[in-house]
Amino acid sequence: MSMTPQNEEFEKGTNNTNILIRYGVIVLLLIPVVTGILVCLFKIAYVDGDKWMRTWRKEQNRPVKVVSPNRGNIYSSDGKLISTSMLMYELYMDFKLNGKFPKDSFLHSKSNGIDSLAWYLSKSLGDRTVDGYKAHLKNGMNSGNTEFKISAKKVSYLELKKIRQYPFFRLGRYKSGFYEKEYLERRKLFGSLAGRTIGYIDENYWNNLSKGVKGLELEYDSLLRGETGLSRLVRVGNRWTKVLYEEPVDGFDIVTTIDTQIQDITEKALYDKAKELQPEVAVAIVMEVKTGEIKAITNLIRRQGGAYSESENRAVNGQYEPGSTFKTAVMMVALEDGVCTPDKILNTGNGIYMYKGRPIRDHNFNRGGYGVISAEQALWYSSNVGMAKIVLEGYEHDAQKFIAGLERVGVLTDLHLEISGSGHPKVSLPGKAGWSDQSLPRMSYGTEVQMPPIYTLAYYNAIANNGKMIRPIFTKEIQRDGKIVDRFKTQTLVSPVCSNRTLKIIQSMLTNAVEKGTGNAAYSEAVSIAGKTGTAQLIDKNGTVYGHNVSFCGYFPADEPQYSCIVFMHRPSGNPSGGLMCGTVFKIIAEKIYSRQSKIIVRSMKPDSTRISIPEVKNSHAKSLAYILDELDIKTSGSIKSEYVSGRRNMTTPSIDMKEITVRGDLVPNVMGMGAKDAVFALEKCGLNVRLSGWGKVVSQSLPTGTRVVKGQTVTITLKN
């Protein structure tokens, strides 16, 4: 049925009326709400205005606390973390607790008292005996100290979590009074590895920022330290909450050029020789020929009692006379200027040459000297007389030309090192203070010249690098959140240092100096080495010899150089010899680095008739040992179900007889005969902390086998070869 126009008009009017009624109801309901809001605003603004203004001023005057950023990490070139900031904690007790400290339960409770607590603290922290901790804690209680330091040691977060569960402490902060203070501490995860080059920080620097004071920590301090933030305590409900007003900005990460394996090889080889010879200073640096990246740098400074530390970076800032390693640069200048040729004949006589009333001596003058030799032999044999005669013949009346030649070949070039406080070459100059009629011949064999060892290395690296001298670098990349922000490129300083003809002659001379000359102690059957020895007398103002600098600098492999290296010692004991003292260390470093790159396919090798067919094996993880023996095609006997096994050679079968070693989680396992890795894993799996002493396989353990494990207890294992 269709609706008439009159009906439609009526329907519309009715709908409009209903809508107006609904709007009216809503408005009436909102009027009290709006009125209430206006009343509250009026009350806050005018009635309680002074009260809220005082509250606002109080909050504004509440101290703002500086929030420290995380200092950036420092990594090795092979991605290992070298230096990082770790949260550490100091342990405190509040013995007042606003007059509510539970003295009776603290002194007398069997499960939650001072006796149990002292035992746990002594075993975990190890800086006091059980009785010592009892006396210490009683003193704190009697003093009523609210900030009583429990121990001078700082602990990690994992250690703190364990300590919170110790007797009495597990009652909680407001019943036991136990609390901690948080500190950011810089930790070197590889101990002394390149310690002086990585550097150190001042953790108490202004405005809650750490500051680098040595090495790369100082050089890149502005990038590493980040930017502080701001926070304030605000009361929310019944609790105080720390609110960040400005977020701290963490520092950038630095990726160094240091290779941890090469560094370890270099440090050990140098340290072993230093213990034998007891030099005042021992330095070793390894540099990658093509890139200039410093792969290892070690500085050993002898302290009172004969111990060594990395307290100074003598490789970079030490000013030493290089001695005969400088003769290579002298020979290069003479060859370039046409003063001599490799086959030029020199009469060195009996090893003593008088020049203007002063003797110039060869190291073998007491054995009759070298007599008639060629110019290249003068370098091989490190003849002071031969080198002095070459220089005097060419530059006696124009010493400035000789100095200009040294500058031209790059040996005096400023390297612009990124390590703060680095030294520079210093030479006597004609017409300046210190120059005498003996200066020119003395410079020919490396005296009246001073330079840090790294400068000598950079020059020899240029010879290895086909005449291109490049800047030694210690940093590869700057990163943030794993992304590369900046990458350091190889920078050429001098190219070429000499003509190609002269370069080939010098390279040949350095190879022969090792194979036929004074560097023979560095000769290796495993890798070809080119280099030069150096020995310089140290003479005081009275003309008295009080020691020597000895060194060996070169590169390897000689035919296709990959690494250059210098080994330097200041005032070692014994008869001075750059070859025997430093060349032997160089050889060890070169062979071990080179052996890392050698790939030997064991299965393709012919059996050695003298070999022992069944090797001796350590007690170890069953699956690991089984895998190794299977790879070596060595048979095993015995059914093994346990996680750890011992193995004994059976020469009759031949095979390895396997025997189970039972390890229970609640009992101290027997790790005798195991290697360090397996022993530590087995002990830590039981909840024990492990301390290592020595190397090889375990010969003793401080906790008896089969005793019940106390979680967190420390066990010391001794290893021997």
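Computed from a prediction, not measured in an experiment: that's the story for all the values here.
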If you compare all heavy atoms of [X] against all heavy atoms of [Y], which two are closest, and at what distance to 0.1 Å?
X    : Y    : answer
S76  : I258 : CB-O, 3.2 Å
Y133 : A118 : CB-CB, 3.9 Å
T146 : Y179 : O-OH, 2.9 Å
A315 : I297 : CB-CD1, 3.8 Å
C686 : P669 : SG-CD, 3.9 Å
K295 : S77  : NZ-OG, 3.6 Å

Do you see a donor-acceptor pair shorter than 3.5 Å between the side chains of [X] and [Y]?
X    : Y    : value
T298 : E310 : no
S151 : D127 : yes
Q263 : T266 : no

Using 0.5 Å steps for rounding, measure from the [atom1] atom of [X] to the [atom2] atom of [Y].
X    : Y    : atom1 : atom2 : result
L137 : R128 : CG    : CZ    : 8.5 Å
K123 : N689 : NZ    : CG    : 13.0 Å
R691 : T718 : CZ    : OG1   : 12.5 Å
L171 : N112 : CG    : CG    : 4.5 Å
L117 : F106 : CG    : CZ    : 6.0 Å
L216 : I254 : CG    : CD1   : 8.0 Å

Hey, are the side chains of [X] and [Y] touching, using non-hydrogen atoms and a 4.5 Å cut-off?
X    : Y    : answer
D94  : R173 : yes
Q713 : L703 : yes
V255 : I74  : no
L688 : T714 : no
Y308 : I301 : no
L91  : L125 : yes
E267 : I262 : no
L719 : V699 : no

Any carboxylate oxygen within less than 4.0 angstrom of a Lys/Arg side-chain nitrogen, looking at [X] and [Y]?
X    : Y    : result
D272 : K268 : yes
R186 : E217 : yes
E147 : K149 : no
D253 : R71  : no
E90  : K181 : no

Inset, instruction - Output, in order, the C-alpha distance, side-chain angles, deciding distance and verdict of side chain to side chain contact (heavy atoms under 4.5 Å, CB included) for F252 and R480. - result: CA-CA 5 Å; F252 290 88; R480 170 161 277 171; 3.5 Å; yes
Legend entry - Geometric class of the F95/F148 ring pair [parallel <30°, tilted 30-60°, perpendicular >60°]: perpendicular
Inset, instruction - Show your working on side chain to side chain donor-acceptor pair (under 3.5 Å) between N73 and T84 and close with a plain yes or no. - result: CA-CA 5 Å; N73 296 324; T84 189; 2.5 Å; yes
Is it true that a side-chain atom of [X] and a backbone atom of [Y] form a donor plus acceptor pair closer than 3.5 Å?
X    : Y    : answer
T257 : E293 : no
E477 : Q479 : no
N299 : R314 : yes
S85  : N70  : no
D678 : M674 : no
S116 : G113 : no

Has [X] got more than 12 heavy atoms of other residues, nucleotides or ligands less than 6.0 Å from its [atom1]?
X    : atom1 : answer
R487 : CZ    : no
K677 : NZ    : no
D481 : CG    : no

Inset, instruction - List in chain and number order the residues that pass side-chain hydrogen bond (donor to acceptor under 3.5 Å, both in side chains) with E247, two or more places apart in sequence or in another chain; answer none if no residue qualifies. - result: none
Legend entry - Stepwise salt bridge (charged side-chain N to carboxylate O under 4.0 Å, His left out) check, D264 with K592: CA-CA 11 Å; D264 186 55; K592 289 189 175 182; over 6 Å; no
Inset, instruction - For K80, enumerate each residue passing the salt bridge (Lys or Arg N to Asp or Glu O under 4.0 Å) test, keeping only those at least two apart in sequence or located in another chain. - result: D78
Legend entry - Counterpart residues, salt bridge (Lys or Arg N to Asp or Glu O under 4.0 Å), relative to E276 (two or more places apart): K273
Inset, instruction - Report the C-alpha distance between S124 and Y166 in whole Å, list the side-chain angles of each, state the deciding distance to 0.1 Å, and finish with yes or no for side chain to side chain donor-acceptor pair (under 3.5 Å). - result: CA-CA 10 Å; S124 63; Y166 284 178; 3.1 Å; yes
Inset, instruction - List the steps and the verdict of side chain to side chain contact (heavy atoms under 4.5 Å, CB included) for K138 and I114. - result: CA-CA 8 Å; K138 282 182 179 179; I114 190 172; 3.7 Å; yes
Inset, instruction - Dump the intermediate steps for side chain to side chain contact (heavy atoms under 4.5 Å, CB included) on L81 and Y75, then the final yes or no. - result: CA-CA 5 Å; L81 185 58; Y75 294 90; 3.5 Å; yes
Inset, instruction - Apply side chain to side chain donor-acceptor pair (under 3.5 Å) to E418 and T475, showing your working. - result: CA-CA 9 Å; E418 59 194 286; T475 307; 2.7 Å; yes
Inset, instruction - Could you go through the side chain to side chain contact (heavy atoms under 4.5 Å, CB included) check for E280 and L300 one step at a time? - result: CA-CA 8 Å; E280 289 185 4; L300 300 180; over 6 Å; no
Inset, instruction - Measure from NZ or CZ of R164 to the centre of the six-membered ring of F169 and say whether it is under 6.0 Å with the direction within 45° of the ring axis. - result: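 Judged by the rule (NZ or CZ under 6.0 Å from the ring centre, within 45° of its axis), R164 is not positioned above F169.
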Inset, instruction - Only one of W119, F178, F101 passes ring-ring contact (aromatic ring centres under 6.0 Å, His included) with F168; say which it is. - result: F101
